[in-house]
Every structure is written in C-alpha cells, then in structure tokens.
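For reference, the structure is listed below as structure tokens.
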Amino acid sequence: MDYKETLCLPRTDFPMKAQLVQKEPEILRRWEEGGIYHKIIEASQGRRKFILHDGPPYANGHIHLGTALNKILKDIIVKSLFMMGYDTFYLPGWDCHGLPIEHQVEISLGEKIAGMSKAEVRRHCREYAERFLSIQRDEFKRLGVFGLWEEPYVTMSYDYEATIVRELGRFIDQGSIYRARKPVYWCATCQTALAEAEVEYHDQTTPAIFVRFRLTSDVSGRVPELAPFKDDTHVVIWTTTPWTIPANLAVAFHPDFTYAAVRTKPYGVLIMAEDLVPSCMSTFGVTDYEVLAVFKGTAMEHLKARHPLYDRESLFILAPFVTLDAGSGCVHIAPGHGEEDYEIGKAYGLEIYAPVDNEGRFTSEVEGFEGRYVFEANDDVNRALKDRGALLHLSDYDHSYPYCWRCKNAIIFRSTNQWFISLEHADLRKKALEAITKVRWIPSWGKDRIYSMIENRPDWCISRQRAWGVPIPVFYCRNCGEILASGDVARHVAELFEKEGADAWFVHPEKDLLPEGTRCAKCSGDDLAKEEDIVDVWFDSGVSYAAVCEKDPRLGVPVDMYLEGSDQHRGWFHSTLLASVGTRGEAPYRTVLTHGFVVDGEGRKMSKSLGNTIAPQEIIDRYGAEILRLWVSAQDFRNDIRISQEIVERLVETYRRIRNTARFMLGNLWGFDPSRDMVPYGDMLEMDRYALHVTQELISRVRRAYEEFEPYVIYQLVHNFCVVDMSAFYLDVLKDRLYVFKKDSLARRSAQTALFRIVKDLTRLIAPILAFTAEEIWDHIPGFEHKAESVHLSDMPEPDPHLMDDGLKQRWERILALRQEVSKVLEGLRKDKTIGHSLDACVKLRASGETLSFLQDVQGLLADVFICSKVEVEEGEGPWIQSEVLGAVAVEAHRAPGVKCPRCWRYAEDIGTSASHPEICGRCASQIG
RNA sequence: GGGCCUAUAGCUCAGGUGGUUAGAGCGCACGCCUGAUAAGCGUGAGGUCGUUGGUUCAAUUCCAACUAGGCCCA
C-alpha cells in the first residue's frame, strides 16, 4: 500500500513561482475595477486624519528610481496608516511650468518657434506637460501606489494658476515684493536672460590682466610702515574679463589671508597676498623688490583706491570667496557683472552697476567705449589701462567659460531688473526660523540644515524671463515708468485666470487685464504695460498649501507630513515655508521627513557618464514592481539608498522566502474552515500557543516600526520571522503533525488554527510593502467572517494579550536552546554517516537537579521538536554543555532503534502491532482508522 | 572652497548613557533530505567596527583631523 495517500500533505493553488511581471497588471486591473481606492476613501470617512501632502514631481520625462523610491515610500506610509485606522487621503500632484519643459518644446519646435507668439509656445508646453503627466501617472500606478490618480492637482490648472497670482497679491499687499537689479546670465546674441540650465561651458582663451589701483586713502593709519610711500601705494588685481573693469566698484580682500606690501622700482609699492608675491613678481618681471610690511586682509577694509580709468574711487572690502589659486589675492569687484560680486556688493551697499545694454554694448555712461561690444572692448580696455600705467601684465588664459545653449556664443553676466520677496520686510526670515522650530524634522538634522539655509539666504528672486509660467501680475506706466503693483490688481487678474488660465495674460491687451478705470498713481496716465516676467516655479509648488490643501476639505492645513528627498530642504520645503509663513504666519507642515538619494552599489551617484544608471522599468520588466517595493523597504532611507545587481538578487531571494513561507501555510490550511475548525486557545497544543506568542511580538514590533516610519526594520523583522521562527523551527516541526495525524484531529486542527491566525496577520503586516503579493495571499486565505475584499481594506493586526504567555515563552526559549545543541550533535553523526535525516537518530540527554526535572517535564515534546525518532532523558554526568538559559546538559545521539515506519518515517519499535496495518507503526495505524 | 550628512562581515541591518571572545538574516562553503521540491533542514567559515591621532585604566561607542561617498551651495 502507498501510505503517502493516507497523509494530509499540503495542497494549494497559490503558485510557488510568483510571475510578478504577469500577475501584477492583473491585480492592478482588479483594484481599478473594484474601485478599491474609492472604498478606502469611503472607509476613511470620520476617521482621524493623517495627511501626507504629495510633493509634485516635474512633468518631464519618465520616472526614475529616485521618483519611484519617493512615491513607494509615501505609499507604504499611507497604506500602513490607513490600515492602522487613519484617514490618509492621498492626492498626487504635478509641477508643470518651468524651463525644462519650455526647453524641450523649443528643441522640438526648432526654427518654427521664431514666428510664434508666447501664447502659442505656451500651448505646446501645456500639451507637453499633459503628455508626460499621463505617462508618469501610468508609471506610478504600475508601482502599486494608491491615490486619487483620476484627479491629481496640477500647477498649470486654471484655478492653481489663479491661486499663484492671489498668493503673490498677498505679498504685494504687505509690501514685501520689490524690484531691483541683479546680475543674470545674458546672451547678447539672443538678447535674453538665461537660466543656469541654459548655460553650457566651453574652454576658451581670454586675456588675463594684472592691474594696479592707486590708493587714495591714507594707509599709514593701518600699516605704519607704508607712511613714506602713501602716495605711491597700489593694490594689484587680476581678472580674465577686462571689459568689466569700467564697472569696477570695489576690490575684495580675504579677511584671514596675509597680505604683503612690496616695494618695486617700476611700479611703486604693490599690495598683494603674501603667498603670491614670488609668482607675481616673476610675472611682472620684477627681480629687485622688498617686502615692506605684512598685514591681515582686514586691515584694508573701507580704504579706497582710484579707479584706473575713471575719476572715481573703488572701495576695499572683505569677501570670504577670495582664493589664492590664481592672480594676486585681491579681487576686482563689479557688482553688476557677477553673482558673488553682486552679493558682496549689496552687503557693502554698492550700486549694482552694469553699463551694458541688451546687445552687449557699453552704454553712453562708459566714457571711451560707448557703443563697443564688450568682448571686442577687451583690447581697448587693456590699451587704456596700459596708457595710464595701470596694466602690470597681460597674457592669455585658458579656462571654461559659459556659453549660450542655443546660439553657442559666449555669454555675459549683466545686471537686470528682477522681482524679489524681501526676507526682512514683515520679519519673514525671523518668522520662518521660528516656524522651523515648531516642525518635527526626521531625521532631526534636517532642522539645522534648513534653518541655516533660511538664516543665510538672500532675498528670494521670484522673476524669470520666460514664457511657460505664471506672470507676475504687475504693470508699468508707459508715460512715467511708475510701477503699478497691488493686491487688488492681482486678485482681479486671478479671477480672469480662473476662467481662462494664465494664458489670458498673453492674449489679452492690458485694459482687459486691469480693473476698469485703473490709472497710474503718479501721473494718472492710463497707458499701462504688463510685466513680461513670469514667477519662479518654486513659488508655484510653494503655494500648494493654498491651491490644494486649504481648498480641499479632504486635506486641510497644516498638513501632517511632507516626504521628499533631502535636496528639498533648499527646494520645496524651503519655498513653501517662506510662502506659507509670509502669508499665513505658520509652516504648512507638521512633520517633514526626508530620504536620501539612489546611488549604485559602491555608493556613487547614478549618472549617464558613469554608465551606472538603472531604470525602474528594467526592474519591473524583469522582476516586477514588488521587488522595487521591497527594495525601498529594505534600506534605511534616511541615508542614501543603494542598488546593484547583487542587492536586487538578495531582494528576490528574500521575496521568495516570504512567499514560500506563506505558501506552505496556505497549503496546510487546505480543508480548514475557520468558522468550524478553529480550536479555542485553551485547547491548543503548547507549541502552537508559543507560535502565537511569537507572532504577537512580531505584530507589536512591526506596528511600532510603521508608526515610526521605519520600513527597513519591518523588512528585517518579517524576514527573520519567516526564516527563523517559522521555516527553520515551527513549520519544520509541524510537518509531522500536519501530515501524519487525522485530518480533523485536535493535534492537526490546533496547528491549523495557529497557521490560520499567523498567515492572516503576517499578510496584513506586509501588505503596505508587498502590496501585490499580500493581496494574492489574502485571496488564498480561507474565508472567514468579515474578511475584507482586499487586504488593503483590512485592519493592521494588533497584538492580542490573550495570545501571549511569558511563562510559555521562557520555557520554549529553553527548549530552542536545547534544540540548537542537539542539532550540533546530530550534525556530527551525519558527518560520520551514522545518520542522514534527523529522524534516523535517537537523542539521549543527561542532566541533574533542576535541569533534569525541566528535561523530564518537556520530554514528551522533544522528539517532535528535534524531529528525531526517540528522546531519552536520564540523570547522569557530563561532559556538560554549559548554557545560561539551558543549564548543564550532556547531549548524545545514536541511531534510533526499531524499524523505519514507511508512513511517518519515524523509527518505531511497535511496527506490526496493528493487525489491519502490519507494516506501519502504532501511531500511524491509529490515524488511519 | 563652504554647510549638512554617511562610513560595523560579500549584501541589508543590530549594537541606550564608553567596559568580558562585536550580533542577526541573507549570500558563500560543506553536508542532509526528496511528503514546502526551480523548495526545505543542519553545520561552518567570514569583521584590524573607513584611516590617523587624542581623551580615558578602558573606545566600534566621546573629540579632532584626514580619506571616500552623498545632498545643497559657491
């Protein structure tokens, strides 16, 4: 007889092979058709809220691993908190305006763009954004992310655009917005301002000049040694842009560097950094010189020198950005022609002077060079300097220089009029810093990071010279040049935008944009011109609290959590803080959680040039999105997140382990009907009760990890539970009982009761992470009362104190410690071929005293636990194995006596005692009936 | 160059307030099983705790510098 037929072996149609690539789309379809997310929203009604407000990704290109990481993390948090009883309504968003899209559109339009109006270009931009929004939406949904994807918030929607203008209106009302000059990249050929991203760098050779500026202040007060030479003392500067010399207003020294005053024959006394004296002297061809004095850069502050070309003075200032890499250690400062020059110039109250027009030609202010194209004026300037004896040296210098991405011509830095939000007006900076302290930052260093950024940043430049964005709603009087900026006008414009979108600004004449009868406040003229600039896109996303959260009762402000990459301390967290504090007086978020960046297996960032990029699609196509979700959960996201072939392979193996553990449980629940077969806790076998105890501990640890937003802890906990607690111990031991005993015996039903509870809990614990697989397991769990149609609609399990028993725990931890020692002894027998399977063995334990009575007490359990055929316990002597939990025990093993039962494979000494089943052991005979 | 952050076995993670032979799982090696089988079980080998100094009776744990890497600036 084939006794295998009489066993209760596992049966399930839950496949071992996941085939996630095929299965996931089916599950997605089911969620879609079943309206699962809408059921989640419905179930959330009236619950306590936890709103995670989505930071809008940019609607350009396909998603990459970074965006996938971000959305999956959000999804894990949102799904887990919903299961833990919160209303976690999740509304995804997209950031739609801005340069990158406009760029792409310009490239695809090519020459055609020349004849197009801004409104036409904007139409193409909108279509482009819509296209990628749709692509990304599909890609995000493919990851298993739940949210209201049908109606996301988009910054280019008419009402969002209107809100942007309204929020600007609030700043205008306060008087926080002002117009001032600031240097920007300027292409004289295209006659347009360029953004950082529109600039490319090429190597180029430019003239580099050393120039001396004669001091007009009396230095002897600061450096007494120079008293005899005070009328012939000069500071030496070095520059690679001679054409900016006419705009020079200052010379910068480093406060900490040491400077030297050097007496030379041909050039008088020259001041330069001490370390650079030898190289400068050799460059100038001066062999005979004398260092008269050395002093710190601070000694020079507020002194003055005469401009080498014009009859005005140049101020000596201190700047931390001065270096000793090249030149003289004294830096020529033209606040109208450089970013650093501008910042330091502002700090010293210098004029932002840039006497250059749109075509890159000097204006009439510049005596001697008016009308000259700046790059062509280099030689003129050098000649003029030479004529006046100011030029110390001229040479060619190779360096990388910015070029226009479009016309490929060299560009200049030129100050132009821009709009700013003041950080000081209305105490915005101070209030923002206060608001930061009231927010919970995870990790905590995020607070210091954003605090010092806000503390040190300049005023917010909100204007951009571009087409694809929301216009700054201000006007200029064509008659007298007066600016018309008012909150009322902004709100009037907003109403129009609500109906027609921001396009209205570009298609309507001014009179349609302004309230009727608007006139210039200064000259009462009615010929008003609209502003051409648009607002910085960081302002767009920055006001999402107003455009999205305030308006939607499902959300509300402040929101519970923002969750983005740590780059957003400078980006969205920052801009939205300023906007919200500026208009509402408080931060729009309660908690800000940041994650690191995706890097390769060596910790290096992903870049095309390194060739180490991986697209989410590659992982999805090969392994499934579930592996990506597991990847996100497996690592501490507060640091950088690594990915490599090895990491993915490990994840796949972990996934299989979790899946197989669940499959084995499901297979053994065959024929188990919870409503009929559940065994009351008190009647369950103690090992099963112990398994439930361990599961309760898992539940409480996993819950805590979800509450603390630490999915990687869950990954470790769940994996260890499956491998150590379940597979290697409980499930392995259980096989005998499940297979050998009668289908409806108490022993088997007790085990099934435990398995049912465990698999039901485990599935829900992993659901937020393994969203697809948990759903698939859930389907295969036997039906029970109130079983939700989707695991994502079910509740997160809570530890049940009735299923916990600390006494049992201690007793079983001792048994497990013993088991480990027995395994080692059995491995010895295996090595010398005494046994193969552990069932071939009989284990003999010796102990005395308390340990002996413990062993005698549990003796009846041990053959099962060791998966051996027989266990003998006797009082006796060592050699002891000493163990803290165990006590002193001696373990021996030998081949089990008797004959191997063909049914249960245990060695038995009672084979043949049953008349009806003479080949099998007594235990098996009793189970066949 | 500046600010912030990270650095424990091949991989992913543990290691309150410094104190015996630094842990787990995976992977790897070897073996077992063939009634979870493109599965399961057991045993074992892997770490100068990034480097160098310092504080201390004692440092993976505190301090500093450096190196490598990341984010943001310049």
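Proteins come first, then strands; the chains are lettered A, B, ... in the order of their sequence lines, and each starts at number 1. Since we're looking at a predicted model, the values are computed, not measured.
Distance from the side chain of A:Met16 is smallest for B:A38 among the nucleotides B:C13, B:A38, B:C41. The side chain of A:Lys824 lies closest to B:U43 when the candidates are B:G35, B:U43, B:C71. Between B:G40, B:C73, B:C13, one nucleotide has an atom nearer to the side chain of A:Asn660 than all others, and that is B:G40. With B:C11, B:G35, B:G40 as the candidates, the nucleotide lying closest to the side chain of A:Lys4 is B:G35. For A:Met453, counting side-chain heavy atoms from C-beta on, the closest listed nucleotide (B:A36, B:C72, B:G69) is B:C72. The side chain of A:His719 lies closest to B:G25 when the candidates are B:G25, B:G42, B:C13. In the set B:A38, B:G42, B:G40, the nucleotide with an atom closest to the side chain of A:Ala728 is B:G42. The side chain of A:Arg642 lies closest to B:U12 when the candidates are B:U12, B:C4, B:G70. Checked against B:G70, B:G25, B:A38, the side chain of A:Lys17 finds its nearest nucleotide in B:A38. Of the candidates B:G3, B:U43, B:A36, the closest approach to any side-chain atom of A:Arg449 belongs to B:G3.
Annotation: side chain of A:Leu628 is in contact with side chain of A:Leu65 (closest heavy-atom distance under 4.5 Å).
Salt-bridge annotation for A:Asp640 and A:Arg604: absent, with no side-chain N of the basic residue lying under 4.0 Å from a carboxylate O of the acidic one. Comment: A:Glu626 does not engage A:Lys23 in a salt bridge, judged by the lack of any side-chain N to carboxylate O separation of less than 4.0 angstrom.
Under 4.0 angstrom from either OP1 or OP2 of B:C13 there lies no side-chain N or O belonging to A:Arg638. For B:C73, the OP1/OP2 oxygens have no side-chain nitrogen or oxygen of A:Arg457 closer than 4.0 Å.
Residue A:Gln716 places a side-chain atom within donor-acceptor reach of the base of B:U12, judged by atom type and a 3.5 Å distance cut-off alone. Judged by atom type and distance alone, A:Ser727 reaches the base of B:A36 through a side-chain donor-acceptor pair under 3.5 Å.
For B:G25, the glycosidic angle deviates from 0 by more than 90°, giving an anti base.
The stretch residues 331-338 of chain A does not touch RNA chain B, since none of its heavy atoms comes less than 4.0 Å from the strand.
Side chain of A:Arg830 to main chain of A:Gly836: a donor-acceptor pair is present (N/O by atom type, distance under 3.5 Å, no hydrogens or angles). Checked by atom type and distance alone, the side chain of A:Tyr706 pairs as donor or acceptor with a backbone atom of A:Leu765 at under 3.5 Å. A donor-acceptor pair under 3.5 Å is formed between the side chain of A:Gln752 and the backbone N or O of A:Asn668.
With values rounded to the nearest 0.5 angstrom, A:Ile658 atom CD1 is found 11.0 Å from A:Thr763 atom OG1.
Other residues, nucleotides and ligands contribute at most 12 non-hydrogen atoms within 6.0 Å of the CD atom of A:Gln820.
With the 3.5 Å cutoff on both pairing distances, Watson-Crick and G-U pairs in RNA chain B assemble into runs of at least 3 at B:1-7 with B:67-73, B:10-13 with B:23-26, B:28-32 with B:40-44, B:50-54 with B:62-66.
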Could you write out each protein N or O paired with an N or O of nucleotides 27-33 of chain B at a distance under 3.5 Å?
residue : atom : partner  : partner atom : Å
B:G27   : OP1  : A:Glu653 : OE1          : 2.9
B:C32   : OP1  : A:Lys833 : NZ           : 3.4
B:C32   : O2'  : A:Gly836 : O            : 2.8

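Between A:Phe253 and A:Tyr259, the ring planes lie perpendicular to each other; the angle is over 60°, past the 30° to 60° tilted range.
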